[in-house]
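Following: one structure in structure tokens, then a few remarks.
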Amino acid sequence: MPRFRAILDTMPAYKPGKAVVSPDGRSYKLSSNESPFGPLPSVVEAIGRAATEINRYPDPGAVRLTEALAERYGVPYDHIALGAGSVAVAQQILEAAGEPGAEVLYAWRSFEAYPLLVGLSGATPVEVPLRDETHDLDAMADAVTPRTRVIFVCNPNNPTGTANRTEELTRFLDRVPESVTVILDEAYREYVRDADVPDGLTLYRERPNVAVLRTFSKAYGLAGLRVGYLIGHEPVAAAVRKTLLPFAVNHLAQAAAIASLQAEDELQERVETVIKERTRVREALLAQGWTVPPTEANFVWLRLGERTMEFAGKCAEVGVAVRPFDGEGARISIGDSEANDVFLAAAEAFRPSLGED
Ligand SMILES: *Cc1c(COP(=O)(O)O)cnc(C)c1O
């Protein structure tokens, strides 16, 4: 038998998700926090132009995209590092910092990729339970040890949508030693409207060990192309650049990301549309009697406990795919208004069976 690392035995094999289709042929994907909008015409055009050049390798340094990002955020060029999606950037950080004996800290439940990536890196995952469906930053600071190398803070948190505010976050960062890299995973930053939730870029500027992780997959609608990036000080960004698989960020992805940065006004309108729908969906759920944590992301969280899989099944019957976490709850992405209406009807039909809280 070929031999592999023992950690692989603990990792689930990939199971392709079944397509969720109602008996009358309807299908609404509210399971992956994607943008409900198709790509912008200007972005499709840029991809079309780039497609005529794909006999060549992509620019390994993604110079034009890096320049565009540096200008967009007013940060030095050397503070930016790219990857094939921000999940890949997270893996690059762990490749750079993780090894047996090292600890990587994150809240739980949070982004599903963290335990997998930490396990693969050889480091030890340290999970700190959420409090009120929100990062318990005081408990996370308490959990730091001399072995801690990296801390992920997912703000807003996937899958609960909750966000940590400036005061508690700065108090937390003040307690973390500078030898520990703190990754503020801001995959949903564009959807944040609470003025007390800090832009990670203001926190990173004063702190050499704090870096921000962003993606083109969510608000920018490029999930299928795979581009994400880190903004951090030179040692952190350099570590992420060194662990980039050569040519990982492909030519079409680079072209589409640049075109998207040039179309920010149009994308911003789309984000506003999603945010209006988010408010409508959450208020409708509250009116139905659900408890819904405040969300700063493009999804809502329903705590369903033992009824989670049953609820996901009821949604599937009407063609709505949600993301269930067995025994805990379900995450439902905000889609277009039709998809949201179909979901709300399914939630309304299910709610009475839960009884009073
Ligand atoms: C969706 C998501 C990402 C983005 O993943 P990509 O690899 O950029 O598509 C990163 N972090 C969190 C918390 C997410 O939910």
Side-chain angles (χ1 to χ4, degrees), residues 14 17 29-36 39 62 65 69 80-95 104-118 120 125 127 130 133-135 150-164 182-192 197 200 211-232 240 243-245 248-250 252-254 256-257 260-261 267 271 274 278 293 295-301 321-325 329-335:
Y14 177 74
K29 190 165 177 239
L30 301 183
S31 52
S32 297
N33 299 343
E34 297 148 338
S35 169
L65 175 55
L69 285 167
I80 296 170
L82 290 147
S86 56
V87 168
V89 179
Q91 184 169 34
Q92 288 159 240
I93 292 159
L94 292 170
E95 170 96 10
V104 178
L105 201 68
Y106 51 88
W108 198 250
R109 176 168 287 277
S110 187
F111 188 34
E112 291 160 279
Y114 298 152
L116 301 175
L117 298 178
V118 175
L120 275 181
E127 300 183 342
L130 299 176
E133 268 129 14
T134 308
H135 279 59
V150 176
I151 305 176
F152 286 101
V153 176
C154 188
N155 202 32
N157 187 44
N158 175 4
T160 55
T162 53
N164 291 91
V182 180
I183 304 295
L184 302 174
D185 185 343
E186 295 189 335
Y188 303 98
R189 173 66 208 169
E190 294 81 2
Y191 295 104
V192 172
V197 174
V212 176
L213 199 53
R214 298 265 176 103
T215 179
F216 283 95
S217 294
K218 305 287 161 52
Y220 288 80
L222 299 183
L225 278 178
R226 319 303 305 131
V227 207
Y229 55 97
L230 171 137
I231 299 179
V240 172
T243 47
L244 173 73
L245 212 58
V249 182
N250 74 70
L252 304 186
Q254 292 185 33
S260 298
L261 290 172
L267 290 166
V271 167
V274 170
R278 169 177 86 191
T295 172
E296 294 293 323
N298 64 339
F299 51 84
V300 291
W301 170 253
V322 303
R323 177 63 59 92
F325 298 93
R331 188 193 72 200
I332 304 96
S333 309
I334 302 299

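Ligands are counted one by one from 1 in listed order, and the atoms in each one are counted from 1 as well. These numbers come from a predicted model, not from an experiment. Numbers here are sequence positions counted from 1.
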*Looking only at protein heavy atoms, identify the closest one to atom 7 (O) of ligand 1 and say how far it is in Å.*
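Protein heavy atom at minimum distance: R226 NH2, 2.6 Å.
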*Identify the closest protein heavy atom to atom 9 (O) of ligand 1: which residue and atom is it, and at what distance?*
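That would be S217 OG, 2.6 Å.
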*asked:* If you take the nearest heavy atom of each of V89, D185, V227, which one is closest to atom 13 (C) of ligand 1?
replied: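 It is D185 that holds the nearest heavy atom.
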_If you take the nearest heavy atom of each of K218, R331, Q91, which one is closest to atom 2 (C) of ligand 1?_
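That would be K218.
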Do the side chains of [Y] and [X] get nearer than 4.5 Å, heavy atoms only?
X: L130; Y: H135; result: yes
X: L261; Y: L69; result: yes
X: R226; Y: S217; result: yes
X: Y114; Y: D185; result: yes
X: L82; Y: L244; result: no

Show me which atoms of ligand 1 lie under 4.0 Å from any heavy atom of [X].
X: A187; result: 2 (C), 3 (C), 10 (C), 11 (N), 12 (C), 14 (C)
X: G85; result: 6 (P), 7 (O), 8 (O)
X: C154; result: 13 (C)

*Can you find a non-hydrogen atom of Y188 under 4.0 Å from ligand 1?*
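Yes; Y188 lies near enough to ligand 1 that a heavy-atom distance drops under 4.0 Å.
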*asked:* Tell me whether S86 reaches ligand 1 (any heavy atom closer than 4.0 angstrom to a ligand atom).
replied: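 Yes, that is the case, since the closest heavy atom of the residue is under 4.0 Å from the ligand.
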Quick one about [Y] and [X] (side-chain donor to acceptor, distance below 3.5 Å, no hydrogens or angles considered), yes or no?
X: T162; Y: N157; answer: no
X: Y188; Y: N33; answer: yes
X: R331; Y: N158; answer: yes

*May I ask you to check if ligand 1 and N33 share an N or O to N or O distance below 3.5 Å?*
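No; the residue has no nitrogen or oxygen that sits under 3.5 Å from a nitrogen or oxygen of the ligand.
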*asked:* Please classify the N158 to ligand 1 contact at 4.0 Å (heavy-atom distances, strictly less than): side chain, backbone, both or neither.
replied: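 Answer for N158: side chain.
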